[in-house]
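Report on one structure; see the data block that follows.
Residues: numbered from 1 along the sequence shown.
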Amino acid sequence: MCGRYGIYTPPDELGERFSATPVDAFEPTYNAAPRGRLPVIRDDASESITTARWGLVPGWADDDSTEFINARAETLAEKPSFRDAYARSADRDGVPSAGRCLVLADGFYEWVEEADRKRPYYVTRRNGAPFAMAGLWSRWTPKSEQTDLSAFGAGERGDPDPVETFTIVTTEPNELIADLHHRMAAILPREHEREWLSDAAVPDPLDADELRAYPVSTRVNSPTNDGPELVEEVAHA
């Protein structure tokens with residue numbers, strides 16, 4: 001699975017790399033964690049880099065306790081939580097309400113079980129370039145809440161804003177990641193990135209020769225830690 005990743009390429013460079021205009025402001029991070037607002041390219045706004053909250057909440061969910069940070073590629077068309085997004089659905093007015101997205105990243109972390117601890121590894125492209133992971137997005141609207149109580153007990157109900165959320169698609173690992181975990185984020189080959197935003201299936205795992213994995217500090221274990229030192233290679237003791 002992918003439960004933590006880094007995205008720290010400056011927005012203007014991301015825009016150039018993905019031929020999209022950064023629209024929403026976002027802070028570069030070396031330790032992106034679930035529920036953070038992070039840069040994505042949605043299929044309904046494919047010329048823009050916007051932000052969404054990591055942890056897909058299906059549109060039908062009563063509250064945001066139902067959220068998914070990962071989605072298995074093999075069951076996207078079957079699972080009720082993902083099939084609307086996989087099929088790129090719209091509301092009754094024809095406005096897109098769920099679909100596909102590119103999740104932009106510089107690398108992601110995996111943890112390996114060792115005798116007395118879990119060792120974090122950082123996975124990047126060998127050329128150091130940012131990449132896109134296959135993702136799904138969904139627009140979820142919180143239920144209205146009573147916001148202005150009167151002396152008679154009546155109140156006005158608020159009209160909360162919808163929240164765009166996303167999940168990262170995972171697939172079978174390639175030879176490199178198989179030594180770290182039984183699943184891996186579905187990294188899209190550059191030539192297939194835009195195809196994913198239409199109706200393409202999840203491609204085969206990216207060739208292992210294009211990736212590099214190395215041990216990093218256990219400081220990444222805490223989502224409160226951030227900074228470039230988290231992605232520096234450490235001795236594997």
Salt bridge flag under 4.0 Å for residues R212 and E233
yes

Any side-chain to backbone donor/acceptor pair from T167 onto F68? Under 3.5 Å, distance only.
yes

Look up atom CG in L76 and atom OG1 in T170, then write down how far apart they are to the nearest 0.5 Å.
8.5 Å

What is the ring orientation for F166 with W54, classed by angle as parallel under 30°, tilted 30 to 60°, or perpendicular over 60°?
parallel

Taking side-chain hydrogen bond (donor to acceptor under 3.5 Å, both in side chains) as the definition, give me every residue that meets it alongside W137, ordered by chain and number, with sequence neighbours left out.
D43

Identify the two heavy atoms, one from R194 and one from A20, that lie closest to each other, and give their separation to 0.1 Å.
NH2-CB, 4.3 Å

Common cluster, W196/V40, ILVMFWY with side-chain heavy-atom separation under 4.5 Å
yes

Would you mind reporting whether L211 and R125 have side-chain heavy atoms less than 4.5 Å apart?
yes

Any donor and acceptor pair, going by atom type alone, linking the side chain of R100 with main-chain N or O of A200 inside 3.5 Å?
yes

If you compare all heavy atoms of S222 against all heavy atoms of N31, which two are closest, and at what distance to 0.1 Å?
O-ND2, 3.0 Å

Do the side chains of P10 and P28 get nearer than 4.5 Å, heavy atoms only?
no

With rounding to the nearest 0.5 angstrom, report the CZ to NE2 distance, F108 to H181.
10.5 Å

Nearest heavy-atom pair of A25 and T51: which atoms, and what distance?
O-CG2, 3.9 Å

Ignoring hydrogens, what is the shortest heavy-atom contact between I187 and L206? Give both atom names and the distance.
CG2-CD2, 3.6 Å

Would the number of heavy atoms belonging to other residues, nucleotides or ligands and lying under 6.0 Å from CD of E74 be above 12?
yes

Reported OG1-to-CD distance for the pair T124 and E210, which is rounded to 0.5 angstrom
12.0 Å

Start with the C-alpha gap between R37 and E27, add the side-chain angles, then the distance that decides, and say whether side-chain contact (heavy atoms from CB on, under 4.5 Å) holds.
CA-CA 9 Å; R37 292 201 65 87; E27 291 293 327; over 6 Å; no

In the structure I gave you, are the side-chain heavy atoms of Y5 and M133 within less than 4.5 Å of one another anywhere?
yes

Donor-acceptor contact present, side-chain D93 to main-chain V95, <3.5 Å:
no

Nearest 0.5 angstrom please: L38 CG to I7 CD1, how far?
8.5 Å

What's the spacing between D204 CG and H192 NE2 if we round to 0.5 Å?
9.0 Å

Stepwise, does the side-chain contact (heavy atoms from CB on, under 4.5 Å) test hold for V216 with Y109?
CA-CA 9 Å; V216 293; Y109 299 92; 4.0 Å; yes

Do I177 and V112 sit in one hydrophobic cluster, given that two such residues count as connected whenever their side-chain heavy atoms are within less than 4.5 Å of each other, even indirectly?
yes

Does S138 reach the main-chain N or O of L56 with its side chain, forming a donor-acceptor pair under 3.5 Å?
no

R88 vs D199 side-chain heavy atoms within contact, under 4.5 Å
yes

Enumerate the ring pair (Phe, Tyr, Trp, His ring centres under 6.0 Å) contacts for residues 8-30, please, sequence neighbours excluded, ordered by first and then second residue.
Y8-Y30

Ignoring hydrogens, what is the shortest heavy-atom contact between L230 and N225? Give both atom names and the distance.
CD1-O, 3.5 Å

Between D207 and N174, is any pair of side-chain heavy atoms under 4.5 Å apart?
no

Does a side-chain heavy-atom distance below 4.5 Å link Y122 with Y214?
yes

Between L197 and I41, is the side-chain contact (heavy atoms from CB on, under 4.5 Å) condition met? List the steps.
CA-CA 9 Å; L197 294 181; I41 298 176; 4.3 Å; yes

Are a donor atom and an acceptor atom from the side chains of T29 and D226 found within less than 3.5 Å of each other?
yes

Common cluster, Y86/W140, ILVMFWY with side-chain heavy-atom separation under 4.5 Å
no

Would you call R190-E193 a salt bridge at under 4.0 Å N-O?
no

Are the side chains of P58 and T66 in contact, using a 4.5 Å heavy-atom criterion?
yes

Carboxylate-amine/guanidinium contact R83 E78, below 4.0 Å
no

Please determine whether a side-chain nitrogen of the Lys or Arg among D64 and R53 lies less than 4.0 Å from a carboxylate oxygen of the Asp or Glu.
yes

Minimum heavy-atom separation for P120 to N221, with atom names?
CG-OD1, 4.1 Å

Would a 4.5 Å heavy-atom cut-off, applied to side chains only, mark R139 and R42 as touching?
yes

Nearest 0.5 Å, what's the CZ-CH2 distance between R4 and W111?
4.5 Å

Go through the side-chain N and O atoms of S65 and D63 and say whether any donor and acceptor fall under 3.5 Å apart.
yes

State whether a side-chain donor-acceptor pair under 3.5 Å links S48 with T50.
no

With hydrophobic residues grouped by side-chain heavy-atom distances under 4.5 Å, do L188 and L104 end up in a single group?
yes

